[in-house]
Amino acid sequence: MKQVETDIAILGGGPAGLAAAVEANTAGCRVLIIERDDQLGGILQQCIHPGFGLHEFKEELAGPEYAQRYIDMLEQTSIEVMKGTMVLDMTPKKEIYAINEDGVVKVAAKAIVLSMGCRERTRGAIKIPGFRPTGVYTAGTAQRFVNIEGFMPGTRFVILGSGDIGMIMARRLTWEGAKVDAVVEILPYPSGLVRNKVQCLDDYGIPLYLSHTVVRVHGKDRVTGITIAKVDEKWKPIPGTEIFFNCDTLLLSVGLIPENEASKKAGVKLGRTNGPEVNQFLQTNVDGIFACGNVLQVHDLVDNVAIEAKKAGRMAAISVLEYKLPNITAPDAVAVVPGEGVGYVLPTKVNLDVPEELASETGPVKVSLRVKQPVEEVDLVARSGETVIYKKYLKHARPSEMIIFEVDFAKFQDLQIETPIEVLLISREAKDE
Amino acid sequence: MSENQEETEGEVIQENAGEVVQEKKVICVICPNSCEITVKQMPDGTLLMEGQGCKRGEQYASDEFLAPKRTLATTVRIHDAFIPLLPVRTSVPVSKEKLNEILDLLARIEVTAPITCGDVIVENVLGLEANVIATRTLGVDTCTKIACELPA
Amino acid sequence: MTQYDFVIIGAGVTGTAIARELSKYKGSVAVLEKLSDIACETTKANSGIVHAGYDAPTGSMKAEMNVKANPMFDQVCEDLFIPFKRIGSLVVALAGQGTDYLEELYNNGVERGIPLEIVSDLDDIKKLEPNISGETEAVLHAPTAGVISPFQLAIGMAENAAINGVEFFFNAPVQGVESMGGFFIVDTPGHAIQTKYVINAAGLYADEIARLAGDDTFKITPRKGEYVLLDKQADLVHKVLFPVPTKVSKGILVSPTVDGNVFLGPNARDQDSKIDNSTTLSGLDEVMDGGRKLVPSIPLIDSITNFAGLRAISDTNDFIIGESKIVKGMFHAAGIQSPGLSSCLAIAEEVVNNIRDSGIDLQLKEHFNPTREKPIIFASMPWSERDALIKKDNKFGHIVCRCETVTEGELIQAIHRPIGAKTVDGIKFRTRVGMGRCQGGFCTPRVIKILARELGIDEDDIVKREPGTRYFYGETKDFRAVTTKKEGLE
């Protein structure tokens with residue numbers, strides 16, 4: 001068994017892992033990226049459409065291009081990379097057991113950054129009844145076939161879910177000569193970016209059926225058609241509203257789930273996002289294990305992934321080179337909870353007992369959240385009891401767009417630890433003032 | 001078409017001279033406001049706009065009306081690399097009307113590794129003053145440009 | 001070879017058990033399977049339970065076979081490396097259901113020599129099964145019940161039969177069975193097979209096979225059962241949980257599987273079609289409601305897939321095992337509904353007895369190999385063994401299925417063993433690749449590549465199971481070139 005020692009082990013060499021690695025190495029740590037694929041770049045390698053790095057590089061890059069920027073950066077660093085290596089086990093002592101074609105590798109790390117990304121929600125998880133023919137794919141798997149493996153997964157498509165992946169694939173498939181009959185969305189509003197709705201669906205006359213869902217998959221061996229129907233407020237199909245499409249493929253774009261199987265093995269506790277619970281330093285409940293990117297919360301802009309990942313890398317480096325960071329299980333941690341209108345909020349807790357130098361190094365506390373449904377003209381408020389520590393007017397907010405704001409750490413100092421900080425939306429219309 | 005479908009762009013209304021020649025609804029994608037801008041073209045060619053939130057939106061709506069452009073991203077066949085496809089894109093947005101032609105051209109192109117991210121695969125494609133560039137480095141030892149072969 | 005002593009029609013758990021049993025004797029045996037692999041129909045989609053044997057009506061073949069077979073599983077599963085766990089079962093009487101039924105079953109058990117106990121104290125019941133409904137009044141505890149993978153059982157027995165000389169033919173639907181006096185001609189598309197005796201283990205189609213030979217004494221009705229499968233659960237349920245049943249089915253169970261998943265189901269709906277194994281919204285709702293009655297805290301959010309199986313119900317509602325009264329030399333093993341899986345080992349012996357009773361001379365082989373090469377299961381190996389294995393063959397260092405921790409080495413093994421995998425489902429059922437929480441999202445591209453490479457065929461031609469279950473419609477660039485030529489440029 002090969003034994004390897006490093007300062008910081010980074011699990012996953014996608015955009016989050018790469019950014020965290022560069023940051024941690026620049027800060028002076030030995031860094032090892034453990035990547036299960038034969039190439040770095042993660043999911044970006046199959047996202048060949050532009051839209052990445054607008055804030056970071058001031059250019060609209062394709063996914064692989066963005067990844068290439070970081071991969072090229074690695075040459076100037078002393079970062080080590082183990083490709084084709086899958087982590088199978090991890091302990092709270094930060095011992096990692098992985099395998100590759102040379103055998104079993106045991107990595108002993110002083111700190112770990114979790115950046116494993118996420119997986120797609122499947123048909124079974126949303127219970128679409130019918131036969132089980134081939135031709136039902138999650139959008140990401142179909143994207144891999146089209147862009148990397150080089151095979152067409154079908155000729156005529158219905159796409160369930162109007163998230164960005166589904167809409168991007170609608171255009172991609174059309175560009176490769178296929179026909180997309182419809183995009184179907186159970187919510188009464190599209191769940192992805194407006195820009196994608198315009199440039200992927202409207203541009204190609206692909207209809208979007210809101211408040212509809214798939215009620216039957218036809219075809220015993222291969223999909224021969226899909227029937228959709230309108231749903232009521234309880235998401236139950238309304239009889240008599242069925243529409244049939246004579247297609248051969250159903251793509252599912254129905255949600256992403258952070259991939260935390262390895263995290264659980266190390267005793268990391270998961271929270272509302274299905275990602276690890278973290279404090280403002282992105283440290284989990286296990287000392288020295290940090291999380292960033294889609295494994296922590298599903299992002300919509302890779303630029304935000306890079307910012308979050310760099311922070312995790314920097315924090316991991318501090319924990320190795322300087323001192324232990326505050327832990328969310330400590331009694332000085334105040335909980336941050338989602339209130340009215342908010343689906344989830346991070347960090348899970350804010351540690352109040354923070355050494356002076358750490359507080360000045362990290363600056364304000366960064367809060368990220370998603371709203372439950374599209375709203376207009378609201379105040380986004382963070383408050384502890386009656387004490388408001390943040391307030392901002394939002395003209396509109398959508399679940400598909402992550403909201404990030406900062407609060408000076410000083411504002412947290414006099415708060416009661418027992419009172420959770422609530423992050424909520426207050427409708428402007430409801431206010432009397 | 002179901003009543004729940006989102007409205008798509010474009011309604012052409014012919015009106016008599018002196019009044020609106022053509023009208024189009026454009027959803028701006030520059031920022032999250034997603035303003036719905038109505039663009040009206042007058043007989044003398046000027047554009048009247050309603051609903052824009054800023055100058056950038058005005059510019060976008062004007063472009064969308066007169067000459068909509070899109071960045072095309074697709075793949076081309078590649079030999080001697082560990083995967084069979086190389087991702088590419090147009091270096092700048094190109095006329096929306098020309099996308100299909102470019103896609104057909106690229107479906108017939110084949111290149112050979114090594115290719116460096118940024119390499120020009122097709123120069124000045126269809127004379128549109130945009131290059132088709134590689135967006136991934138595949139199997140590179142040295143950074144050399146590779147000429148692509150266009151089958152007859 | 002087109003001449004055999006015995007032809008077995010059907011390669012489900014019944015057919016493969018009989019094949020293995022017959023392979024202990026001298027004589028040539030062939031198995032004809034309509035579909036593309038072992039266990040493609042009823043055997044693939046059922047509860048995977050080895051019942052204790054108290055349940056079937058006294059005097060029925062079901063009861064006799066189940067009771068006889070239950071203790072046989074330990075040896076066979078050890079010989080063939082088939083995962084099998086005797087976790088025990090509980091029949092759960094909820095408040096208001098009374099305990100008469102439990103007592104009836106208990107008495108059956110006593111008569112049949114099955115260890116059973118009735119537990120009526122809720123605290124004691126909760127020690128057996130902590131998450132059981134608080135409404136539970138009493139349970140019948142049967143420690144000898146167990147869970148098994150029906151597919152692993154069938155493939156294990158089939159491989160063993162093949163090692164001992166049995167030939168298997170797939171995609172070989174039987175279209176004719178003609179008795180020519182001293183032998184039979186069995187017709188499959190393009191091939192006629194001559195055989196002395198025919199064994200009818202054709203599951204849903206056993207009545208049709210019988211009728212082909214001239215025996216129309218029984219009818220098979222398909223009964224659909226739908227299931228919901230949950231992700232692996234460390235501590236949700238520990239035993240097979242049965243409700244108090246209805247006349248038509250054992251009711252909706254909640255049970256761990258031998259691999260650590262939990263399933264709910266099956267419901268029971270008779271139908272005419274032998275092909276329709278689709279799931280229905282109302283059926284899945286019925287299954288989820290039923291499951292929640294037994295274990296209210298079931299995390300349905302962990303559901304990873306659902307499916308339906310078709311049971312073969314004979315019009316006698318019992319197994320039909322014996323020589324055909326109309327067609328001499330044809331032996332039935334038909335109507336194998338629950339407890340069919342639990343009984344298969346005894347059914348196989350019974351068929352062999354029937355053959356002997358018919359006057360046919362059966363002689364044991366001198367050398368019967370009761371075992372098979374142990375399949376490598378990376379997921380359950382200790383770390384030191386894993387390291388040694390990878391150093392010997394680095395294909396075991398590539399993970400193909402991250403949800404179930406299955407390596408490329410295991411896939412190659414599954415393709416090249418006797419009766420090797422030729423389809424994606426063939427890989428799935430032999431190695432568990434694709435059975436995890438991502439349901440093939442990660443592994444499918446890799447499985448297709450490896451299958452194509454090992455079988456020497458194009459990726460485009462790989463199918464999931466039957467010939468029509470294609471994945472691809474050509475290479476991406478060809479596709480665009482072809483479709484735009486057809487439709488013209490826009």
Side-chain angles (χ1 to χ4, degrees), chain A residues 1-2 36 84-86 88-89 97 99-106 119-135 137-138 140-141 144-155 175-179 215-222 236-237 248-249 257 259 261, chain C residues 228-229 275-281 283-284 301 303-307 383-384 386-388 390-391 394-399 402-403 405 407 424 437-442 444-445 448-449 459-460 463-484 487:
Chain A
M1 203 181 292
K2 184 167 170 187
R36 72 173 174 214
T85 305
M86 176 86 80
L88 295 183
D89 205 355
Y97 292 83
I99 65 160
N100 56 31
E101 53 176 43
D102 296 329
V104 175
V105 179
K106 179 177 168 198
R119 66 175 189 271
E120 299 179 274
R121 187 165 277 119
T122 62
R123 173 185 177 177
I126 57 174
K127 286 183 275 294
I128 302 177
F131 286 98
R132 302 170 81 216
T134 50
Y137 296 103
T138 50
T141 303
R144 189 185 168 94
F145 283 132
V146 174
N147 293 341
I148 309 253
E149 309 287 336
F151 291 99
M152 279 305 275
T155 68
W175 277 349
E176 288 297 348
K179 177 123 189 12
V215 292
R216 190 127 179 117
V217 174
H218 304 271
K220 189 166 154 84
D221 289 340
R222 171 83 201 193
K236 290 252 172 303
D248 55 30
T249 315
I257 305 167
E259 188 64 71
E261 292 313 305
Chain C
V228 172
L229 184 73
I275 298 174
D276 181 353
N277 64 346
S278 64
T279 50
T280 62
L281 260 182
L284 295 177
I301 200 161
S303 118
I304 57 178
T305 190
N306 52 73
F307 57 90
W383 285 107
S384 50
R386 288 175 174 180
D387 192 50
I390 296 172
K391 292 196 160 85
N394 69 7
K395 293 263 180 342
F396 287 95
H398 299 151
I399 293 278
R402 54 123 198 262
C403 299
T405 313
T407 61
V424 173
R437 61 191 65 88
C438 88
Q439 288 290 293
F442 176 79
T444 304
I448 293 173
K449 241 206 192 83
E459 278 184 56
D460 214 353
V463 291
K464 185 166 200 283
R465 41 172 195 271
E466 302 315 313
T469 59
R470 66 191 298 181
Y471 284 97
F472 301 135
Y473 288 79
E475 292 179 30
T476 323
K477 296 302 148 187
D478 287 339
F479 188 85
R480 164 99 202 173
V482 165
T483 47
T484 49
E487 289 169 30

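Letters go in sequence order (proteins before strands), and every chain restarts at 1.
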Query raised in the report: Side chain, backbone, both or neither: which part of C:Leu281 has a non-hydrogen atom closer than 4.5 Å to chain A?
Result: both
Query raised in the report: Between C:Leu229, C:Thr279, C:Thr280, C:Asn306, which residue shows the highest count of heavy-atom pairs closer than 4.5 Å to chain A?
Result: C:Thr279
Query - Contact leader toward chain A among C:Gly283, C:Ser303, C:Gly397, where contacts are heavy-atom pairs under 4.5 Å - result: C:Gly397
Query raised in the report: Given the options A:Gly219, A:Gly103, A:Gly130, which has more heavy-atom pairs under 4.5 Å with chain C than any of the others?
Result: A:Gly130
Report task. Against chain A, label C:Asp276 side chain, backbone, both or neither, depending on which of its atoms sit under 4.5 Å from a heavy atom there. Result -> both
Report task. Apply side-chain contact (heavy atoms from CB on, under 4.5 Å) to C:Thr444 and A:Tyr137, showing your working. Result -> CA-CA 10 Å; C:Thr444 304; A:Tyr137 296 103; 5.6 Å; no
Query raised in the report: What closest approach, in Å, do A:Pro133 and C:Arg465 show between heavy atoms, and which atom pair accounts for it?
Result: CA-NH2, 4.1 Å
Query raised in the report: If you look at every heavy atom in A:Phe131 and C:Ser278, which pair is closest and at what distance?
Result: N-CB, 3.5 Å
Requested in this report: Report the option among A:Thr85, A:Thr155, A:Val105, A:Val217 that has the most heavy-atom pairs separated by less than 4.5 Å from atoms of chain C.
Outcome: A:Thr155
Query raised in the report: Would you say the side chain of A:Arg222 lies within less than 4.5 Å of the side chain of C:Tyr473, judging by non-hydrogen atoms?
Result: yes
Query raised in the report: Where on A:Ile128 is there a heavy atom nearer than 4.5 Å to chain C: the side chain, the backbone, both, or neither?
Result: backbone
Query raised in the report: Which pair of heavy atoms, one from C:Arg386 and one from A:Leu88, lies closest together, and at what distance?
Result: NH1-CD1, 3.7 Å
Query raised in the report: Looking at C:Lys477, C:Arg437, C:Lys391, C:Lys464, which has the largest count of heavy-atom pairs under 4.5 Å with chain A?
Result: C:Arg437
Report task. Over all heavy atoms of both residues, which pair between C:Ser384 and A:Met1 is shortest? Give the atoms and the distance, please. Result -> N-CE, 4.3 Å
Requested in this report: Heavy-atom pairs under 4.5 Å with chain C are the metric here; pick the option from A:Asn100, A:Asn147, A:Val146 that has the most.
Outcome: A:Asn100
**Report entry** Interatomic distance, A:Glu149 atom CD to C:Phe472 atom CZ [nearest 0.5 angstrom]
**Finding:** 7.0 Å
Query - Polar side-chain atom of A:Thr134 near backbone of C:Tyr471 as donor-acceptor pair, under 3.5 Å - result: no
Requested in this report: Could you tell me whether the side chain of C:Glu475 reaches within less than 4.5 Å of the side chain of A:Phe151, counting heavy atoms only?
Outcome: yes
Report summary line: Applying a strict 4.5 Å limit to non-hydrogen atoms, the region of A:Glu176 in contact with chain C is both
Query raised in the report: For the candidates A:Asp248, A:Val215, A:Ile148, A:Thr138, which exhibits the highest count of non-hydrogen atom pairs separated by less than 4.5 Å from chain C?
Result: A:Asp248
Query raised in the report: Where does A:Arg132 contact chain C at under 4.5 Å (heavy atoms): side chain, backbone, both or neither?
Result: both
**Report entry** Test item: A:Glu101 and C:Lys395 side chains (from C-beta on) under 4.5 Å apart, heavy atoms
**Finding:** no
Requested in this report: Give, as side chain, backbone, both or neither, the part of C:Ile301 having an atom under 4.5 angstrom from any heavy atom of chain A.
Outcome: neither
Query raised in the report: Pick one: which of C:Asp387, C:Thr405, C:Ile390 meets side-chain contact (heavy atoms from CB on, under 4.5 Å) with A:Ile99?
Result: C:Ile390
**Report entry** Option in A:Pro153, A:Gly140, A:Pro237 with maximal non-hydrogen atom pairs under 4.5 Å from chain C
**Finding:** A:Pro153
Query raised in the report: Counting only N and O atoms by type, is there a donor-acceptor contact under 3.5 Å from the side chain of A:Lys127 to the main-chain atoms of C:Leu284?
Result: no
Query - Heavy-atom side-chain contact between C:Asn277 and A:Lys220 under 4.5 Å - result: yes
Requested in this report: Among the options C:Lys449, C:Glu466, C:Glu459, pick out the one with the most heavy-atom pairs lying under 4.5 Å from chain A.
Outcome: C:Glu459
Requested in this report: Verify salt bridge (charged side-chain N to carboxylate O under 4.0 Å, His left out) between C:Arg402 and A:Glu261, making sure each step is shown before the conclusion.
Outcome: CA-CA 10 Å; C:Arg402 54 123 198 262; A:Glu261 292 313 305; over 6 Å; no
Query raised in the report: Highest number of heavy-atom pairs under 4.5 Å with chain A: which of C:Gly440, C:Gly474, C:Pro467?
Result: C:Gly474
Report summary line: The interface call for A:Arg121 against chain C, heavy-atom contacts under 4.5 Å, is neither
